Novice: 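Have a look at this one before I ask anything.
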Number of protein chains: 2
Amino acid sequence: MNYPILVHVTLRAGIADPEAATIERALPALGFSGVSHLRTGKTFRFELAASDEASALERATAMAERLLSNPVIESADVRLGTL
Amino acid sequence: MNYPILVHVTLRAGIADPEAATIERALPALGFSGVSHLRTGKTFRFELAASDEASALERATAMAERLLSNPVIESADVRLGTL
């Protein structure tokens, strides 16, 4: 069976996020005030063939940690389903 | 009050996603089979000062469409809360 998987990769707390800093700095000049604590992230959505949910999650977690994220600076949240 | 906002930007259906195609092609060689329909996306999480939820969502949606995504090829899902 195919299980829908959502992997959300975010920078760990304390790791600089220059893209977010640039956006946050640019917003007031574009007419948007009141934005704070902006952080960026990446998502990977896919379908994973597996015999059951537990094994789908286990393999997706291994993929997320080995291939889809850099565990030194990023953490990966893996879940069944879509956003 | 500050409202937590999550913006998820994804490529519209039919728009090529070369990063996803590359990952999907590389996975079998790395020992992960059974992955299909892989799509990438971006997230922006922030706090937005607003008087109520409705106005927070309205301003976040305007930001998402005008600044955080390219509406020609991307769609933006805006919601209150975190992932």
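Throughout, protein chains are lettered first and strands after them, A, B, ... in sequence-line order, and every chain is numbered starting at 1. Quick note: numbers below take in every heavy atom, side chains included, and nothing from hydrogens, waters or symmetry partners. Every value quoted in this text rests on a predicted model; they were computed, and no experiment measured them.
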Novice: Would L68(B) end up clustered with L80(B) when hydrophobic side chains under 4.5 Å apart are linked, directly or stepwise?
Specialist: yes
Novice: As an exercise: rank T10(A), N2(A), D17(A) by heavy-atom pairs under 4.5 Å with chain B and give me the winner.
Specialist: T10(A)
Novice: Decide whether V7(B) and L11(A) are clustered together by the hydrophobic rule: side chain heavy atoms of Ile, Leu, Val, Met, Phe, Trp, Tyr closer than 4.5 Å, transitively.
Specialist: no
Novice: What heavy-atom pair brings R59(A) and F32(B) nearest, and what distance separates the two atoms?
Specialist: O-CE2, 4.0 Å
Novice: Hey, which of L27(B), V9(B), L6(B) has the most heavy atom pairs under 4.5 Å with chain A?
Specialist: L27(B)
Novice: Out of G31(A), A60(A), A56(A), S36(A), which one racks up the most heavy-atom pairs below 4.5 Å with chain B?
Specialist: S36(A)
Novice: Which one, S33(B), A26(B), A20(B), G41(B), leads in non-hydrogen pairs under 4.5 Å with chain A?
Specialist: G41(B)
Novice: Quick one: which residues of residues 43-51 of chain A reach chain B at under 4.5 angstrom, heavy atoms only?
Specialist: T43(A), F44(A), R45(A), F46(A), E47(A), L48(A), A49(A)
Novice: Could you look at E24(B) and say if it's the side chain, the backbone, both or neither that has a heavy atom under 4.5 Å from chain A?
Specialist: neither
Novice: Over all heavy atoms of both residues, which pair between R66(B) and L30(A) is shortest? Give the atoms and the distance, please.
Specialist: NH2-O, 4.0 Å
Novice: Heavy-atom distance under 4.5 Å to chain B: side chain of I5(A), backbone, both or neither?
Specialist: neither
Novice: Working to the nearest 0.5 Å, report the span between CD1 of I23(B) and CG of L67(A).
Specialist: 8.5 Å
Novice: Where along residues 69-79 of chain A does a heavy atom come under 4.5 Å of chain B, listed by residue number?
Specialist: D77(A), R79(A)
